[in-house]
Peer 1: 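Got a structure for you, questions after.
Proteins come first, then strands; the chains are lettered A, B, ... in the order of their sequence lines, and each starts at number 1. Every heavy atom of this structure was used, including side-chain atoms; hydrogens, water molecules and symmetry mates were not.
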Amino acid sequence: MTEPTNRKQAEGGPLQDDDAPFYTIGQVSALLGIPPAALRRLDDQDIVSPERSDGGQRRYSRLEVEQLREVLDLTDEGVTLAGVRKVLALRRRVESLEDELAGLRGRDEQQTSSA
DNA sequence: ATTCTCACA
DNA sequence: TGTGAGAA
């Protein structure tokens, strides 16, 4: 294996490895090449809001860093923060609809196979 | 040394 | 969006 396969399989919630490692705002800003102030803006605008630890400092997870990359792609293309928020809302909407569809599909398979 | 909030241009 | 003051 060339990659650290430490991925959990069946976890009972949003408590995965991608949510565990927390980066400081400084690390993330260096990693993404954007000023800390920009990260704080994103948090204030409810686009990517990291958890806070002890003294109220932002702690970014891997997942949030990835979300940040997506946001940067959009803003680089000229999408405003308000627009990004809408894109994110639509993205969540699609996910929930996909889940709902998966559920309906499962129910339908029961009927179809017993018909 | 870092990060936080708030304010200003 | 970037910068700086002042506190933690």
Peer 1: Quick check: on DNA chain C, is the nucleotide nearest A:T75 upstream (toward 5') of the one nearest A:G55, or the reverse? Name the residue that is more 5'.
Peer 2: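 Counting from the 5' end, the first nearest nucleotide belongs to A:T75.
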Peer 1: Say whether, by atom type as modelled, one donor and one acceptor occur between the side chain of A:Q27 and the main chain of A:T24 under 3.5 angstrom.
Peer 2: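 Side chain of A:Q27 to backbone of A:T24, a donor-acceptor pair under 3.5 Å: yes, one is there.
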Peer 1: State which residues pass side chain to side chain donor-acceptor pair (under 3.5 Å) with A:S29; sequence neighbours excluded, sorted by chain then number.
Peer 2: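 Expected list: none.
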Peer 1: Closer than 3.5 angstrom, by distance alone: can the side chain of A:T75 be matched with the main-chain N or O of A:L72 as a donor-acceptor pair?
Peer 2: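 Answer holds: yes.
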Peer 1: Using the test side chain to side chain donor-acceptor pair (under 3.5 Å), find all partners of A:E95 that sit at least two apart in sequence or belong to another chain.
Peer 2: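 With neighbours one apart ignored, the set is A:R91.
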Peer 1: Atom OH of A:Y60 and atom P of B:dT3: how far apart are they, to the nearest Å?
Peer 2: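 Going from A:Y60 (OH) to B:dT3 (P), I get 10 Å.
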Peer 1: Between P on B:dT3 and CG on A:D44, what's the gap in Å once rounded to a whole number?
Peer 2: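 About 16 Å, once rounded to whole Å.
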Peer 1: Taking OH from A:Y23 and P from B:dT2, how many angstroms apart are they, rounded to a whole number?
Peer 2: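 The answer, rounded to whole Å, is 18 Å.
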Peer 1: Scan A:R59 against the nucleic acid and name what it touches under 4.0 Å (heavy atoms): base, sugar-phosphate only, or nothing.
Peer 2: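 Touches nothing.
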Peer 1: Could you identify which residues of residues 25-40 of chain A place a heavy atom less than 4.0 Å from some atom of DNA chain B, listed by residue number, or say none?
Peer 2: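 Close to the strand are A:I25, A:G26, A:R40.
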Peer 1: Where each residue is assigned the nucleotide of DNA chain B containing its nearest heavy atom, which of A:Q57 and A:R41 is assigned the position nearer the 5′ end?
Peer 2: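 Between the two, 5'-proximity favours A:Q57.
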Peer 1: Would you say A:Q45's side chain and A:L42's backbone share a donor-acceptor pair under 3.5 angstrom?
Peer 2: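 Side chain of A:Q45 to backbone of A:L42, a donor-acceptor pair under 3.5 Å: no, none is there.
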Peer 1: Check whether any side-chain heavy atom of A:L104 lies under 4.5 Å from a side-chain heavy atom of A:R107, and answer yes or no.
Peer 2: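 The answer is yes, as the side chains (C-beta and beyond) meet within the 4.5 Å cut-off.
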